[in-house]
2 protein chains.
Amino acid sequence: MGRWEPDARDRLKRAAVDLFVEQGFAETTVPQITARAGLTTRTFFRHFADKREVLFVGEEEFPALVAKMMADAPPSLGPMAVILHGLRTIAEGVFEGQREYMRTRRSVIQTDAGLRERELWKLSALSKAIREGFLERGVDDLTATLAAQAGVTAFGVGITRWLDQDDGSLAEIVRDTLDALRTVLAEPVE
Amino acid sequence: MGRWEPDARDRLKRAAVDLFVEQGFAETTVPQITARAGLTTRTFFRHFADKREVLFVGEEEFPALVAKMMADAPPSLGPMAVILHGLRTIAEGVFEGQREYMRTRRSVIQTDAGLRERELWKLSALSKAIREGFLERGVDDLTATLAAQAGVTAFGVGITRWLDQDDGSLAEIVRDTLDALRTVLAEPVE
DNA sequence: GCCCCGGATGACATCCGGTGTCGTCGGTTA
DNA sequence: TAACCGACGACACCGGATGTCATCCGGGGC
């Protein structure tokens, strides 16, 4: 599709992740990445908004995916059931089979504060999408916000647990984590 | 205490916030801030780790504050009661009387993605501190993590609600928000 | 089969955030 | 009074990020 080698975006991502693993995120410069990929610095920023985004490609589709799931869910379903359904779809459709890559990715992210900030931002974007899905379904604002936050918490904590062990599917673990959250909150305050 | 004008840090903060409000965060350069404060660029970065941090001064003490609260709480208290106690202390001790400043601060933060990332990071640091407080108390890891997350969610959503209205104390609103979260999660999944 | 257009990249300049380093000077303390 | 320390200035420098224009290929229209 061009006069250059194909898959520029993918080459950039691979080169970047490799270098991050080899020598660290902060110690890797964009020129180093582009040199390995056979491209120029300017081209890197045409594909990724910034140096961090290269570790989050693919995730930009989550919000839209969740929005669709929620719009398609039967109106009779309660908030948490809707969330569980949406998150299970993402878990099974996107993360299944990616456990090893997700582990190396996490090991890189945990070495850099800026990357952890970006990860929180992505989870927040997911929460925002879920909240808006609820508003579309006529759920009141506070319930929508809190249900979305709870779901994302279960998802985030679930991913951590999933990466820390070798068995169990992400979908199951997320569901289990959500149950644990219910139990914790069910305990009387005083 | 020196041959220069006093309160360099505070002058920098004031100059920065003023400029952010006047012309926006991204459009304000560090040299502009230091020029208004009568200092040099290098000095700005001696007081703040980066340009964003100027909007988060004071919050670095929250984790330590919560840790102390949790260590001092009676061992008989349940997780959510402990959290509620700690958050109420922060709410009353730090935020009371700051509603107007917090509103302008929020209006600046919401104009910049990087600032919102940093805000999430601060909440995450608070969550981390609460979690560690629970671990010290002998709570199991999962419960500690989830209770901390739930508390921070209530705190974050509570601050939003507090800023969106004119009456009610932050402590009350946080407590109310946590109750709402319990109610949402109490609903059966199917 | 030719031509032109559009998309993707290169090349270059530039800005700004952030850091390392050293010099300077006043206040503090012995 | 002399030595020290802490806060700031001055300067150089790196790397991330962006604007702009040139370039070149492939495809579609004719």
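Every chain is numbered from 1, with letters handed out A, B, ... down the list of sequences.
- Within a 6.0 Å sphere centred on NE2 of B:H47, heavy atoms belonging to other residues, nucleotides or ligands number more than 12.
- For CD of A:E136, the number of neighbouring non-hydrogen atoms (other residues, nucleotides, ligands) closer than 6.0 Å is 12 at most.
- For A:R14, the salt bridge (Lys or Arg N to Asp or Glu O under 4.0 Å) partners two or more places apart in sequence, or in a different chain, are A:D10.
- Between A:D7 atom CG and C:dA8 atom P the separation is 13 Å, expressed in whole Å.
- In this model, the phosphate group of D:dC8 is approached by a side-chain N or O of B:H47 to a distance below 4.0 Å at OP1 or OP2.
- Rounded to an integer number of Å, the gap from CZ of B:R118 to P of C:dG17 is 14 Å.
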Worksheet item: Between A:R52 and B:E117, is a salt bridge (charged side-chain N to carboxylate O under 4.0 Å, His left out) present by the stated rule, with each step listed?
Response: CA-CA 13 Å; A:R52 294 174 222 167; B:E117 284 186 355; 3.2 Å; yes
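- One distance of note links CD1 of A:I109 with CD of A:E119; it measures 4.5 Å at 0.5 Å rounding.
- In this structure, the CZ atom of B:F45 is 17 Å from the P atom of D:dA10, given to the nearest Å.
- Listed by chain and residue number, B:F62, B:F155 satisfy the ring-ring contact (aromatic ring centres under 6.0 Å, His included) test with B:F95 (two or more places apart in sequence, or in another chain).
- DNA chain C lies under 4.0 Å from no heavy atom of any residue of residues 8-21 of chain B.
- At whole-Å resolution of the value, CG in B:D112 and C1' in C:dG17 are 13 Å apart.
- With sequence neighbours left out, B:L120 forms a side-chain contact (heavy atoms from CB on, under 4.5 Å) with A:L120, A:W121, A:S124.
- Near DNA chain C, defined here as any heavy-atom distance below 4.0 Å, the residues from residues 25-43 of chain B are B:T28, B:T29, B:V30, B:P31, B:R42, listed numerically.
- At a cut-off of 3.5 angstrom, the base of C:dG10 holds at least one donor-acceptor pair with the side chain of A:R46.
- Between the CG atom of B:D50 and the P atom of D:dA17 there is a distance of 13 Å, given to the nearest Å.
- In this model, no side-chain donor or acceptor of A:R52 finds a partner on the base of D:dG16 within 3.5 Å.
- For the pair B:K51 NZ and C:dG18 C1', the computed distance is 12 Å after rounding to whole Å.
- Residues meeting the salt bridge (Lys or Arg N to Asp or Glu O under 4.0 Å) test with B:R36, sequence neighbours left out: B:E22.
- The cationic atom of A:R105 (NZ for Lys, CZ for Arg) does not lie both less than 6.0 Å from the six-membered ring centre of A:F20 and within 45° of the ring axis.
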